[in-house]
Asker: 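Before I ask anything, here is the structure I am working with.
Just so you know, these numbers use all the heavy atoms, side chains as well, and skip hydrogens, waters and symmetry mates.
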Amino acid sequence: MRALILKAVANPPKILWGPFLPTLINLALQFPLMFMSIGVLDINPIFFLFSIVGVHAGIVLYGAKEPHISTMIQAYGQTHRVSKNLYKVKGNKFEP
């Protein structure tokens, strides 16, 4: 059981050799933009394919350097909340 936990921590999930969350964000942004541009502006989709592959290559390279980028993005989203301070001070003070 311990080996499974260590393997999951050491090897975060990947899609096409890239970190899970940045790859999904890339595809979720570029595919709708590509289809809208094809429909509205009648643009050749080959330009967007080069863009998708280029950005994905950058994500793969950055993912090789920092494999836990998906976890870092999720942690930032959970901890970056504005708190209501009880006392007049500068910055966030996490007081009950």
Side-chain angles (χ1 to χ4, degrees):
M1 169 118 169
R2 186 176 179 141
L4 292 175
I5 294 171
L6 292 176
K7 186 175 182 180
V9 170
N11 298 322
K14 296 185 178 210
I15 297 177
L16 299 172
W17 304 284
F20 187 76
L21 197 56
T23 301
L24 284 181
I25 292 170
N26 176 36
L27 295 177
L29 290 176
Q30 290 207 27
F31 273 118
L33 183 65
M34 176 179 71
F35 289 127
M36 285 188 291
S37 297
I38 291 170
V40 174
L41 302 173
D42 197 32
I43 294 177
N44 192 352
I46 197 78
F47 299 118
F48 285 99
L49 293 179
F50 287 131
S51 171
I52 291 169
V53 171
V55 172
H56 184 71
I59 291 171
V60 169
L61 291 174
Y62 189 69
K65 178 182 173 189
E66 184 61 56
H68 295 283
I69 189 69
S70 295
T71 309
M72 291 168 50
I73 292 171
Q74 290 172 350
Y76 178 77
Q78 293 173 359
T79 59
H80 188 68
R81 296 184 183 168
V82 177
S83 68
K84 294 183 180 177
N85 297 336
L86 294 176
Y87 311 108
K88 294 280 184 180
V89 292
K90 186 175 182 181
N92 289 334
K93 302 293 181 192
F94 297 103
E95 297 174 355

Asker: State plainly whether one hydrophobic cluster holds both Ile69 and Leu24, where clusters connect Ile, Leu, Val, Met, Phe, Trp and Tyr through side-chain heavy atoms under 4.5 angstrom apart.
Answerer: no
Asker: Just distance, no hydrogens or angles: give the donor-acceptor pairs under 3.5 Å from side chains in residues 31-51, sequence neighbours left out.
Answerer:
from	atom 1	to	atom 2	distance (Å)
Ser37	OG	Leu33	O	2.9
Asn44	OD1	Ile46	N	3.4
Ser51	OG	Gln30	OE1	3.1

Asker: Where the side chain of Ser70 meets the backbone of Pro19, is there a donor-acceptor pair that is under 3.5 Å apart?
Answerer: no
Asker: Establish whether Phe20 and Trp17 are linked, either directly or via other cluster members, by ILVMFWY side-chain heavy-atom contacts under 4.5 Å.
Answerer: yes
Asker: Given the rule that I, L, V, M, F, W and Y join up when any side-chain heavy atoms are under 4.5 Å apart, are Ile25 and Tyr62 in one cluster?
Answerer: yes
Asker: Would you give the length of the straight line joining atom NE2 of His68 to atom CD of Glu66, rounded to the nearest 0.5 angstrom?
Answerer: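 Between His68 NE2 and Glu66 CD, I get 7.5 Å after rounding to 0.5 Å.
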Asker: Just how far is it from atom CG of Asn26 to atom CD1 of Ile59, taken to the nearest 0.5 Å?
Answerer: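 One finds 4.0 Å between CG of Asn26 and CD1 of Ile59.
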Asker: Would you check if the side chain of His56 reaches a backbone N or O of Leu16 as a donor-acceptor pair within less than 3.5 Å?
Answerer: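 Here the side-chain-to-backbone pair exists.
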Asker: Taking atom CG of Leu21 and atom OG1 of Thr71, what is their separation to the nearest 0.5 Å?
Answerer: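 Going from the CG atom of Leu21 to the OG1 atom of Thr71 covers 9.0 Å.
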